[in-house]
Amino acid sequence: QFDEKRLRQIVINLLSNAIRYTDEGEVVLRIAYRNEIATIETIDTGQGIAPDMLDKIWKPFERGHVSGGIGSGLGLTITRLLVEILGGEITVTSTRGQGSRFSVRLMLPTIPDHRARPALEREVTERGRATGYVGRRKTLMIVDDDTSHLDLVESFFTPLGFQIARAQNAEEALERIADLQPDAFILDIDLPGMDGWGFATHLRQNGYRTTPIVMVSGHALEARRKNGEDKGPEAALYDAFIAKPYGLPQLLERLASLLKLTLIYAPQADALPPPTETADAIPEEALAVMLEYASIGHAAALRDRLESISRERAGSSAQVDEISALLDEYEMTKITKRIRSWMQA
């Protein structure tokens, strides 16, 4: 239930940076996990970073003015961006001439029954897309003050057979649940008035003691908040925590687990469509730049380039739309393959 591609890129970038600036000694990777909080550290005995450069290393094209720096100077910039996208934090401590320690903290939800769910396992291995579920219709109560997010979640879950009840604050949600019995709640933490934590507490104390509650926040480390574990599992404040931004299929899988649903999957063809010649094809020079961004996982720069191409042409194109769709799912491998196929056509 996590963006493993971005996590992999973070680890690769940190290790690559440590190795690049360590001429002798060692580079150590340490990973710890407790209470759904993962700590990832790289420790090296390399050149180290001067105190006045510790803030500058996160800026694009900065290499800390150390010898042997080879690369675009974007590695740490991208790493910090990816960590922040996942709702975590990254810090560094360093002594010039002795080495550096980079530490990343992220919320990584556990998946206790992943292997026990054949449908989910098949979806993961066969890359299918869920089209519905078996059983009676389920009602989801979604509370978020962002209307665009409410629209997005509703448009995704309604075609799958869910009934959606939505509200922009806890007070509105309390009025709505008087007339229905939600099977699960999806609560944003940063709500106006009563926040998500307060609303979850109210639900647990007023008839929804065991109803699944999924907490959503742009700050993953908020999940460290005590979750009622000292009062027994039935008193837990929430059942799952998902950090924004997240994939809707990720949320669906978590809800299917909590509600014990058997999802129905339609297999997807993994192969990309053959390259086509179009009058509005992206120039090869632009494709080369996009390929470089995709190969290093720089999603923000790639999206900016796509938007720039659309502005220059006063409109989108089939190629831009295709890459944009893949970028929405962070399918960097597919993007690089597709761009290469256009460049070789």
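Each residue takes its place number in the sequence, starting with 1.
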Colleague: For a side-chain contact (heavy atoms from CB on, under 4.5 Å) check, start with the C-alpha distance between L7 and I40, then their side-chain angles and the critical distance, and finish with the verdict.
Modeller: CA-CA 10 Å; L7 178 59; I40 303 168; 3.7 Å; yes
Colleague: For I19, does its backbone N or O pair with a side-chain atom of T22 as donor and acceptor, under 3.5 Å?
Modeller: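 Looks like no, no N/O pair under 3.5 Å.
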Colleague: So, S257 side chain and E253 main chain: donor-acceptor pair closer than 3.5 Å or not?
Modeller: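 Flag not set: sc S257 to bb E253 has no pair under 3.5 Å.
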Colleague: Are L263 and L252 side-chain neighbours, meaning at least one heavy-atom pair lies under 4.5 Å?
Modeller: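 Contact flag for L263/L252 side chains = yes.
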Colleague: What are the two closest non-hydrogen atoms of L258 and A240, and how far apart are they?
Modeller: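 Looking at all heavy atoms of both residues, the shortest contact is CD1-CB, 4.2 Å.
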Colleague: How long is the gap from CG on N169 to CD on E175, to the nearest 0.5 Å?
Modeller: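 CD of E175 is found 8.5 Å from CG of N169.
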Colleague: I need the minimum non-hydrogen distance between S324 and L306, along with the two atoms involved.
Modeller: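 That closest heavy-atom pairing would be OG-CD1, 3.6 Å.
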Colleague: Using modelled atom types only, decide if a donor and an acceptor are shared between the side chain of S341 and the backbone of R338 within a distance under 3.5 Å.
Modeller: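 Yes; judged by distance alone, with no hydrogens or angles, the pair exists.
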Colleague: With side chains defined as the heavy atoms from C-beta onward, is the minimum distance between W342 and I323 less than 4.5 Å?
Modeller: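 They are in side-chain contact.
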Colleague: If we only count heavy atoms from C-beta on, is the W197 to M215 side-chain gap below 4.5 Å?
Modeller: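 A side-chain contact under 4.5 Å exists here.
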Colleague: For R30 versus V28, what's the shortest heavy-atom pair and its separation?
Modeller: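 The answer is CG-CG1, 3.8 Å.
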Colleague: Using modelled atom types only, decide if a donor and an acceptor are shared between the side chain of T45 and the backbone of E24 within a distance under 3.5 Å.
Modeller: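 Here the side-chain-to-backbone pair exists.
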Colleague: Work out which heavy atom in P182 is nearest to a heavy atom in I177; give both atom names and the distance.
Modeller: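 Looking at all heavy atoms of both residues, the shortest contact is CG-CG2, 3.8 Å.
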Colleague: Would you check if the side chain of T77 reaches a backbone N or O of K59 as a donor-acceptor pair within less than 3.5 Å?
Modeller: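 Flag set: sc T77 to bb K59 pair under 3.5 Å.
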Colleague: Evaluate the criterion side-chain contact (heavy atoms from CB on, under 4.5 Å) for residue pair I186 and M141; output intermediate values, then yes/no.
Modeller: CA-CA 6 Å; I186 304 170; M141 165 64 77; over 6 Å; no
Colleague: Determine the minimum heavy-atom distance between T158 and I164, stating which atoms define it.
Modeller: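 Minimum heavy-atom contact is OG1-CG1, 3.7 Å.
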Colleague: Inspect the surroundings of CG in N206 and state if more than 12 heavy atoms from other residues, nucleotides or ligands are less than 6.0 Å away.
Modeller: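 Result for CG/N206: enclosed.
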Colleague: Measuring only between side-chain heavy atoms, which start at C-beta, is P212 closer than 4.5 Å to L255?
Modeller: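 A side-chain contact under 4.5 Å is absent here.
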Colleague: Does the pair D183/R136 count as a salt bridge with the N-to-O cut at 4.0 Å?
Modeller: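 Judged by the 4.0 Å cut-off on N to carboxylate O distance, D183 and R136 do form a salt bridge.
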Colleague: Please report the closest heavy-atom contact between S310 and V320, naming both atoms and the distance.
Modeller: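 Nearest pair, atom of S310 first, then V320: OG-CG1, 3.6 Å.
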Colleague: Is I43 reachable from L76 through a run of hydrophobic residues whose side-chain heavy atoms are each under 4.5 Å from the next?
Modeller: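 In one cluster: no.
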Colleague: Report yes if some heavy atom in the side chain of D23 is under 4.5 Å from a heavy atom in the side chain of Q47; otherwise report no.
Modeller: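 Of all side-chain heavy-atom pairs linking Q47 with D23, at least one is under 4.5 Å.
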Colleague: Would a distance-only check, ignoring hydrogens and angles, find a side-chain to backbone donor-acceptor pair under 3.5 Å from R137 to G161?
Modeller: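 Such a contact is found between R137 side chain and G161 backbone.
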Colleague: Rounded to the nearest 0.5 Å, what separation is found between the CZ atom of R20 and the CG atom of D44?
Modeller: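 Between R20 CZ and D44 CG, I get 12.0 Å after rounding to 0.5 Å.
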Colleague: Hydrophobic clusters here meaning ILVMFWY residues chained together by side-chain heavy-atom distances under 4.5 Å, can you tell me if V104 and I12 are in one?
Modeller: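 The answer is no; the residues belong to distinct hydrophobic clusters.
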Colleague: Let's go through S103 and I90 carefully: what are the C-alpha distance in whole Å and the side-chain angles of both, what is the deciding distance for side-chain contact (heavy atoms from CB on, under 4.5 Å) to 0.1 Å, and is it a yes or a no?
Modeller: CA-CA 6 Å; S103 180; I90 182 170; over 6 Å; no
Colleague: In this structure, is the centre-to-centre distance between the rings of F185 and Y238 below 6.0 Å?
Modeller: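 Centroid distance Y238-F185: not below 6.0 Å, so no.
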Colleague: If you look only at pairs with a residue in residues 152-167, which of them pass as a salt bridge (Lys or Arg N to Asp or Glu O under 4.0 Å), with sequence neighbours excluded?
Modeller: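 For residues 152-167, and leaving out neighbouring residues, the salt bridge (Lys or Arg N to Asp or Glu O under 4.0 Å) pairs sorted by first residue read D151-R166, E154-R166.
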Colleague: Would you call R80-E84 a salt bridge at under 4.0 Å N-O?
Modeller: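 Salt bridge present between R80 and E84.
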Colleague: Could you measure the distance from the NZ atom of K56 to the CD1 atom of I49? Nearest 0.5 Å is fine.
Modeller: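 If we round to the nearest 0.5 Å, K56:NZ and I49:CD1 are 13.0 Å apart.
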Colleague: CD1/I264 to CG/L160 distance, rounded to the nearest 0.5 angstrom?
Modeller: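 Atom-to-atom, I264:CD1 and L160:CG are 10.0 Å apart.
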Colleague: Do K138 and L261 pass the side-chain contact (heavy atoms from CB on, under 4.5 Å) test, and can you show the C-alpha distance, the side-chain angles, and the key distance before you say yes or no?
Modeller: CA-CA 10 Å; K138 300 290 185 179; L261 297 178; 3.7 Å; yes
Colleague: Under a 4.5 Å side-chain heavy-atom rule over Ile, Leu, Val, Met, Phe, Trp and Tyr, are L287 and L291 clustered together?
Modeller: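 Yes, L287 and L291 fall within the same hydrophobic cluster.
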Colleague: Taking the side chain as every heavy atom from C-beta outward, state whether D146 and D188 have any pair of such atoms under 4.5 Å apart.
Modeller: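 With C-beta onward as the side chain, the pair stays apart.
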Colleague: Working to the nearest 0.5 angstrom, can you tell me the gap between E292 CD and T336 OG1?
Modeller: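 The CD atom of E292 sits 13.0 Å away from the OG1 atom of T336.
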Colleague: Calculate, to the nearest 0.5 Å, the distance between atoms CD and CG belonging to E89 and L106 respectively.
Modeller: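 Reported to 0.5 Å precision, the distance equals 9.0 Å.
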Colleague: Can a donor-acceptor pair be found, under 3.5 Å and without considering hydrogens, that links the side chain of D239 to the backbone of I213?
Modeller: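 Flag set: sc D239 to bb I213 pair under 3.5 Å.
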Colleague: Do W58 and L81 touch side chain to side chain, with heavy atoms closer than 4.5 Å?
Modeller: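 No, side chains not in contact.
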Colleague: Are side-chain heavy atoms of L150 and Q168 found at a separation under 4.5 Å?
Modeller: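 A side-chain contact under 4.5 Å exists here.
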